[in-house]
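One structure is given below, encoded as structure tokens.
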Amino acid sequence: MASLYKKPVWVTDPKTGEKIKTWSPKWWARYRDATGREKRIPLARDKAAALAMLNPVRNQGGDKSRRPN
């Protein structure tokens, strides 16, 4: 099953020089392809638009995360 998340990003504060952990401005998709490898793709900054972009990824059918009973 494909999922939507915000990727953590480390940035350097220009005033202090410290590294700060923030969240990516883009939403990312995480899914497993037909071979079982995890794939991550950047989508959009808007969550609603990212969800719309995620639907084709979910419907590809190469998702191996569901196991038959």
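- Between P56 and A52, the shortest heavy-atom contact is CD-O, 3.4 Å.
- Counting all heavy atoms, side chain and backbone alike, A44 lies closest to M53 at CB-SD, 3.8 Å.
- Annotation: salt bridge (Lys or Arg N to Asp or Glu O under 4.0 Å) contacts involving residues 40-52, sequence neighbours excluded, comprise E38-R40.
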Which pairs would a plain distance check flag for residues 10-20, meaning a side-chain donor or acceptor within less than 3.5 Å of a matching protein atom at least two apart in sequence or in another chain?
from: D13; atom 1: OD2; to: T16; atom 2: OG1; distance (Å): 3.0
from: T16; atom 1: OG1; to: E18; atom 2: N; distance (Å): 3.3

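- P8 and K21 make their closest contact through CB-CE, 3.5 Å (heavy atoms, listed as atom of the first residue, atom of the second, distance).
- Note: the hydrophobic cluster containing L4 also contains Y31 (ILVMFWY, side chain heavy atoms under 4.5 Å, direct or indirect links).
- Minimum heavy-atom separation, A50 to W27: CB-CB, 3.6 Å.
- Annotation: the span from W23 atom CH2 to Y5 atom OH amounts to 10.5 Å, rounded to 0.5 Å.
- Taking both residues in full, the closest heavy atoms of L43 and A29 are given as CD1-CB, 3.7 Å, listed atom of the first, atom of the second, then distance.
- Once rounded to the nearest 0.5 Å, the distance linking NZ of K26 with CD1 of I41 reads 11.0 Å.
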